[in-house]
Amino acid sequence: MIIMMKLLLFMLLSHVLVDGRKPNVLFIVVDDLRPSIKVFNDDNAYTPNLDILAQKSFIFHNAFAQQALCGPSRTSFLTSRRPDSLHLYDVHSYWRHTVGNFTTIPQHFKENGYMTHSIGKVFHPGVVSNYTDDFQYSWSFKPFHPVTDKYKNSRVCVNRYGHKQANIVCPVRIEDQPKESLPDIETLNAGLKFLQRKWSKPYFLAVGFQKPHIPLKYPRKYLDYHPLNKVTLPKNRQRPSDLPNVAWNPWLDVKSRDDVAALNISFPFGMMPDNFSLLIKQSYMAATTYIDDLIGKLLTEIDDNTIVVIFGDHGFSLGEHGEFAKYSNFDVATRVPLIIHVPKWTETLVQSKELVELVDLFPTLVDLTQISPSLDTCSEKETKLCTEGISLVPHMIDLINNKTEKVRKRAIFTQYPRPGIYPSIYPNSDQPKLTDIQIMGYSIRTSLFRYTEWVEFDNSLFLPNWSKVYAIELYCHQFDKAENINLSNRPQMKHIMRRLRKQLIRGWRDAVDNF
Ligand SMILES: *[C@@H]1O[C@H](CO)[C@@H](O)[C@H](O)[C@H]1NC(C)=O
Ligand SMILES: *[C@@H]1O[C@H](CO)[C@@H](O)[C@H](O)[C@H]1NC(C)=O
Ligand SMILES: *[C@@H]1O[C@H](CO)[C@@H](O)[C@H](O)[C@H]1NC(C)=O
Ligand SMILES: *[C@@H]1O[C@H](CO)[C@@H](O)[C@H](O)[C@H]1NC(C)=O
Ligand SMILES: *[C@@H]1O[C@H](CO)[C@@H](O)[C@H](O)[C@H]1NC(C)=O
Ligand SMILES: *[C@@H]1O[C@H](CO)[C@@H](O)[C@H](O)[C@H]1NC(C)=O
Ligand SMILES: *[C@@H]1O[C@H](CO)[C@@H](O)[C@H](O)[C@H]1NC(C)=O
């Protein structure tokens with residue numbers, strides 16, 4: 001069986017290796033992008049370029065980030081390690097200094113003969129990547145950052161009285177912007193410049209687009225694709241009455257923008273008025289169309305020997321459960337779009353419903369390019385090169401051979417920290433610092449259920465106390481995909497909860513076949 005698979009893989013890959021040359025990799029990460037893409041069944045979306053790429057790619061409908069916050073999620077997928085292994089739940093530490101000299105995806109490509117380059121936001125900036133995007137280890141030359149980054153939160157959004165504000169809803173005219181540009185446009189231009197050069201080695205190019213992260217600042221022409229009367233709000237825009245307080249993220253960063261602050265929304269449970277929710281959603285969709293357009297331009301410069309991976313670093317709530325932003329364990333905050341295009345593997349859209357995780361990207365890219373033997377699964381406290389995910393390649397081969405999907409992961413795992421059981425401004429309960437973390441929400445998602453336990457957490461030993469449980473949530477995806485009804489007090493669910501709890505405590509190793 002395994003030999004058969006290896007043989008098949010070899011045959012497929014020999015197609016990829018044009019002239020015996022290793023394929024290039026274009027690795028595109030989009031900040032805060034949920035699956036608001038037409039081909040992922042979002043009717044509000046206008047994303048023609050991603051939809052066209054998907055027509056010759058694998059798309060994963062059930063892909064999840066490990067934590068709904070940029071820094072931890074990015075370090076997690078770039079090292080194929082989970083937040084608990086990285087001791088990283090905030091944006092204040094660099095893994096090589098705190099836990100171990102773990103290898104990153106680009107570092108492994110660089111060490112195996114690739115030219116590696118980073119453009120825009122790939123690593124989380126600042127201390128998380130040692131203020132250098134982990135340059136000396138991960139990249140062949142200095143990472144590129146747009147000069148207009150420094151105007152990220154500037155007061156450049158003109159309100160109806162002509163005043164300049166720092167708004168969340170911020171369609172702009174590029175010619176009015178500082179330096180007459182925007183960061184993602186600079187990122188695109190740097191990407192095009194890189195792709196237009198002739199490289200003597202295969203490349204691994206990582207491009208990180210900032211939008212649709214807030215503020216929703218984008219060229220206003222993209223609003224034309226999203227007339228307000230076509231934008232629909234989610235049905236579940238109330239806070240579920242049985243949602244535990246600890247699970248609630250009070251979207252402080254959204255409330256701090258000038259336009260939202262003017263609405264005087266009460267802390268912590270106040271609701272966004274519907275008419276403003278519509279404006280936010282409209283601009284999120286328009287900012288996504290903007291990024292789709294930039295990605296389309298970038299893709300015109302790749303050759304037919306380039307693997308393309310496109311995904312979001314985590315999801316984003318746009319009113320679901322009465323919430324905005326990320327900072328939670330709900331599907332809407334943790335589920336991401338994932339598109340993988342492998343040249344010559346498929347000329348049609350291949351859709352997967354399997355549960356996959358962003359920690360799977362590293363072993364998958366190693367197997368697709370065969371730059372080294374497949375990665376081994378990390379044992380506890382392993383610091384050498386290894387993975388806490390699995391390669392998706394066997395599943396992808398099954399899919400193109402029309403084999404029935406075989407479940408390879410019985411569950412995926414996400415987590416989110418809190419400083420206390422009640423939402424707070426100080427400390428910020430959306431983004432607590434490590435030293436403030438008292439509670440960890442551990443969440444397991446199977447094909448049928450999401451089960452979350454908020455338990456006591458020791459922030460110096462990095463250990464949960466499973467005997468001290470503050471709150472439990474249980475959602476049944478068969479009937480309640482939106483995760484509106486917490487079933488955890490229903491007596492008939494007792495048995496299922498006992499099983500899910502056991503699975504949650506055993507963790508990811510136990511959920512993977514052949515381990
Ligand atoms: C970390 O790993 C890199 C690359 O393998 C190596 O060059 C470096 O010496 C290591 N650093 C430490 C402190 O072990
Ligand atoms: C991180 O940056 C500091 C300051 O430049 C440097 O001294 C240190 O060696 C870097 N860490 C690693 C692991 O390279
Ligand atoms: C918000 O509060 C401020 C100060 O109390 C007040 O001037 C303003 O009218 C309020 N706005 C709304 C929309 O209630
Ligand atoms: C939303 O509705 C309120 C109350 O009807 C109104 O005062 C406000 O101007 C509206 N806001 C927008 C952005 O349309
Ligand atoms: C899989 O099914 C599709 C659609 O039915 C068909 O076009 C394709 O040739 C099949 N592939 C294989 C390898 O049998
Ligand atoms: C875990 O929580 C239980 C229940 O509150 C408590 O008795 C126990 O001491 C805690 N264990 C640790 C290691 O803190
Ligand atoms: C979950 O929902 C039940 C009702 O179904 C509710 O009674 C319970 O308090 C909720 N769980 C928590 C921990 O709040």
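Everything numeric in this text was worked out from a predicted model, so none of it was measured. Every number for a ligand or one of its atoms is a count from 1 in the order of the listing. For the single chain, residues carry numbers from 1 onward in sequence order.
Nearest non-hydrogen protein atom to atom 6 (C) of ligand 1 is N101 ND2, 4.1 Å. At the shortest separation from atom 8 (C) of ligand 5 among protein heavy atoms lies N402 ND2, 3.9 Å. Considering only non-hydrogen protein atoms, atom 7 (O) of ligand 1 sits nearest to Y137 CE2, 4.9 Å.
Relative ring orientation between Y89 and F457 is described as perpendicular, the plane-to-plane angle rising above 60° on a 0-90° scale split at 30° and 60°.
Considering backbone and side-chain N/O atoms, Y94 never comes within less than 3.5 Å of an N/O atom of ligand 2. Annotation: R96 places no N or O atom under 3.5 Å from an N or O atom of ligand 1; distance criterion only.
The presence of a protein heavy atom under 4.0 Å from atom 14 (O) of ligand 5 is confirmed. Counting protein heavy atoms under 4.0 angstrom from atom 1 (C) of ligand 5 gives one or more. Checking atom 11 (N) of ligand 1 against the protein gives a heavy-atom contact under 4.0 Å.
When side chains are defined from C-beta on, T47 does not count as touching N49, because their heavy atoms never get closer than 4.5 Å. Contact of the I291 side chain with the Q210 side chain is not registered, since no non-hydrogen atoms from C-beta on lie closer than 4.5 Å. Side-chain contact between D42 and I37 is absent, with no heavy-atom pair separated by less than 4.5 Å.
Close approach of ligand 1 to E111 is summarised as follows: ligand atoms under 4.0 Å from at least one heavy atom of the residue are 4 (C), 5 (O). If you number the atoms of ligand 2 from 1 as listed, the ones under 4.0 Å from a heavy atom of Q136 come out as 14 (O). Close approach of ligand 2 to H97 (heavy-atom distance below 4.0 Å) involves ligand atoms 1 (C), 10 (C), 11 (N), 12 (C), 13 (C).
Counting heavy atoms closer than 4.0 Å to ligand 1, residue Q107 contributes side-chain atoms (C-beta onward) but none from N, CA, C or O. Residue contacts with ligand 2, taken as heavy atom pairs separated by less than 4.0 Å, do not involve Y131 at all. Within the 4.0 Å heavy-atom criterion, the part of I400 lying near ligand 5 is the backbone and not the side chain.
Because its NZ or CZ atom is both nearer than 6.0 Å to the ring centre of Y137 and within 45° of the ring axis, R96 counts as a cation-pi partner of that residue.
Between F413 and F64, the distance from one ring center to the other does not fall under 6.0 angstrom. Y131 and Y94 have their aromatic ring centers separated by at least 6.0 angstrom.
Of the candidates I307, V309, V25, I307 is the only one forming a side chain to side chain contact (heavy atoms under 4.5 Å, CB included) with L368.
For R21 (side chain) and K201 (main-chain N/O), a donor-acceptor pair under 3.5 Å exists by modelled atom type.
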